[in-house]
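Taking it in order: structure first as structure tokens, then the write-up.
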Amino acid sequence: MGSVAINSVPVQASDDVPTVCAISLLAAMLANVLHEGLGHAATALLTGTKSGVLTTVAWSSDFDSRLVAAGGTLANLAAGMVFWFALRSARGASVRWRFFLLTSLAFKVFVGTGYFFLSGVTNFGDWADVIAGLRAHWLWRALLVIVRMASYFGAVLVVGMGLVRYVGVPRNEFRRLRRLTLIPYFSAVLLVCAAGLLNSIGIQLVWQSALPATAGAKSGLLWLRYYIPKGTVPEKRPHGIDRSYVWITVAVTLSLVFVFVLGRGIVLRR
């Protein structure tokens, strides 16, 4: 009696949505605190001001400079490099930890490169303050747009390749790719907007700063799956993101602090 070969159909790894959401929220909070807290507030406190108010949408003090205005973007890009190297070195870490590193990388490089476009087109935001008063102002605005287009697309490629190669999501698993990019995007938008509604500096900063910096700058997550280079393959066997009550508990706790404490604003003094 002959043997019968049975074709096996590969089954996509499954991901726990609450845990993916929790990891995304933690990455979003870290990116926000690095931008506003380290990039703007710490730079201002170290270079001139004695005190100021830090919220999730802005830093406000009586001292401003081009360095303070550029500090948020520079902090994002520097942190993005750190997280890129950390992700590449974390091959033996859990898939949850690798996804956190990847999502943190995405939030930092997308916001870091996205601010150039916002300021170049609208003449508002951090880099509008950096180039304010410079000669040939229109040329500087045009350069910001050009730099953004090139650097942002490069960031999309880096994040997309990282998601496949280091997190281990095959580029042909469109459902997983969509889930692991859309959940971080909408989690970040909802979190930052919720916290921004409570800020003490001005409600207009929600649509002037919070929305452009999240819904706009992080929009690469919505379409990066279409630009992952062919030939990019996972370095490890794909594994799904399992339920983790530790990640969920930490995310819920810190989200409450982020929204109701930092969202309202805290005073920092040198």
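Along the sequence shown, the residues carry numbers beginning at 1. Remember, it's a predicted structure, so these values are computed and weren't measured experimentally.
- Sequence neighbours left out, the pairs with a member in residues 75-104 that pass salt bridge (charged side-chain N to carboxylate O under 4.0 Å, His left out) are Arg91-Glu235.
- Summarising the geometry of Ala194 relative to Val259, their closest heavy-atom pair is O-CG1, 4.2 Å, with the distance given to 0.1 Å.
- With sequence neighbours excluded, no residue forms a ring pair (Phe, Tyr, Trp, His ring centres under 6.0 Å) with Phe63.
- Tyr227 and Leu102 end up in the same hydrophobic cluster when Ile, Leu, Val, Met, Phe, Trp and Tyr side chains are linked at under 4.5 Å.
- For residues 150-161, the set of pairs meeting the side-chain hydrogen bond (donor to acceptor under 3.5 Å, both in side chains) definition, not counting sequence neighbours, is empty.
- The side-chain contact (heavy atoms from CB on, under 4.5 Å) check on Leu190 picks up nothing, with sequence neighbours excluded.
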Practice task
List the steps and the verdict of side chain to side chain contact (heavy atoms under 4.5 Å, CB included) for Val158 and Val109.
Solution key: CA-CA 9 Å; Val158 168; Val109 295; over 6 Å; no
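- Arg176 approaches Pro238 most closely through the heavy-atom pair NH1-CB, 4.4 Å.
- Distance check: Ile131 CD1 to Trp138 CH2 gives 12.0 Å after rounding to the nearest 0.5 Å.
- Between Ala28 and Leu191 the shortest heavy-atom distance is CB-CD2, 4.2 Å.
- The OG1 atom of Thr214 sits 11.0 Å away from the CZ atom of Phe186 when rounded to the nearest 0.5 Å.
- Here the side chain of Thr232 pairs a donor or acceptor atom with the backbone of Pro229 at under 3.5 angstrom.
- Expressed to the nearest 0.5 Å, how far OG of Ser61 lies from CG of Leu54 amounts to 11.0 Å.
- In this structure, Thr55 OG1 and Asn199 CG are separated by 5.0 Å, a value rounded to the nearest 0.5 Å.
- Taking the side chain as every heavy atom from C-beta outward, Leu134 and Arg66 approach each other to under 4.5 Å.
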Practice task
Run the numbers on Leu25 and Phe258 for side chain to side chain contact (heavy atoms under 4.5 Å, CB included), then give the verdict.
Solution key: CA-CA 10 Å; Leu25 290 173; Phe258 184 82; over 6 Å; no
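- Between Val164 and Pro234 the shortest side-chain heavy-atom distance falls below 4.5 Å.
- The shortest non-hydrogen separation linking Ile201 to Ser60 is CD1-CB, 3.7 Å.
- Here the shortest heavy-atom pairing between Gly240 and Val95 reads O-CG1, 3.4 Å.
- Summarising the geometry, atom OG belonging to Ser219 is positioned 6.0 Å from atom OH belonging to Tyr185; distances are rounded to the nearest 0.5 Å.
- Checking side-chain atoms of Arg225 against main-chain N and O of Gly160 turns up no donor-acceptor pair under 3.5 Å.
- For Phe99, there are no ring pair (Phe, Tyr, Trp, His ring centres under 6.0 Å) partners at least two apart in sequence or on another chain.
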Ignoring hydrogens and angles, write down the donor-acceptor pairs under 3.5 Å from the side chains of residues 261-270, residues two or more places apart or on other chains.
residue	atom	partner	partner atom	Å
Arg264	NE	Phe260	O	3.2
Arg270	NH1	Leu45	O	3.4

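- Linking Ile, Leu, Val, Met, Phe, Trp and Tyr whenever their side-chain heavy atoms come within less than 4.5 Å puts Phe107 and Leu105 in one cluster.
- When all heavy atoms of Thr73 and Gly112 are compared, the closest pair comes out as CG2-O, 3.1 Å.
- Leu182 and Val159 fall within the same hydrophobic cluster, where Ile, Leu, Val, Met, Phe, Trp and Tyr residues are linked whenever their side-chain heavy atoms come under 4.5 Å apart, directly or through other members.
- With hydrophobic clusters built from ILVMFWY side chains whose heavy atoms lie under 4.5 angstrom apart, Val68 does not share a cluster with Trp127.
- Residues forming a ring pair (Phe, Tyr, Trp, His ring centres under 6.0 Å) with Trp59 (at least two apart in sequence, or on another chain): none.
- Looking at Leu221 and Leu224, their side chains come closer than 4.5 Å, going by heavy atoms from C-beta outward.
- A donor-acceptor distance shorter than 3.5 angstrom exists from the side chain of Trp140 to the backbone of Arg135, with no hydrogens or angles considered.
- Looking at Leu163 and Leu177, their side chains come closer than 4.5 Å, going by heavy atoms from C-beta outward.
- Contact of the Arg179 side chain with the Asp15 side chain is registered, since non-hydrogen atoms from C-beta on lie closer than 4.5 Å.
- Listed by chain and number, the residues in a ring pair (Phe, Tyr, Trp, His ring centres under 6.0 Å) with Trp97 are Phe100 (sequence neighbours excluded).
- Sorted pairs that involve residues 101-118 and meet side-chain hydrogen bond (donor to acceptor under 3.5 Å, both in side chains), not counting sequence neighbours, are lacking altogether.
- Taking OH of Tyr166 as the reference point, atom CE of Met161 lies at 8.0 Å (rounded to 0.5 Å).
- Residues in residues 37-51 take part in these side-chain hydrogen bond (donor to acceptor under 3.5 Å, both in side chains) pairs, two or more places apart or across chains: His35-His40, His40-Asp126, Thr49-Asp62.
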Without placing hydrogens or testing angles, list every side-chain donor-acceptor pair under 3.5 Å for residues 246-257, not counting sequence neighbours.
residue	atom	partner	partner atom	Å
Thr249	OG1	Tyr245	O	2.7
Thr253	OG1	Thr249	O	2.9
Ser255	OG	Ala251	O	2.7

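- Residues Val156 and Phe174 are members of separate hydrophobic clusters, defined by side-chain heavy-atom contacts under 4.5 angstrom among Ile, Leu, Val, Met, Phe, Trp and Tyr.
- For residues 242-251, the set of pairs meeting the salt bridge (charged side-chain N to carboxylate O under 4.0 Å, His left out) definition, not counting sequence neighbours, comprises Asp16-Arg243.
- Side chain of Asp129 to backbone of Ala69: no donor-acceptor contact under 3.5 angstrom is found.
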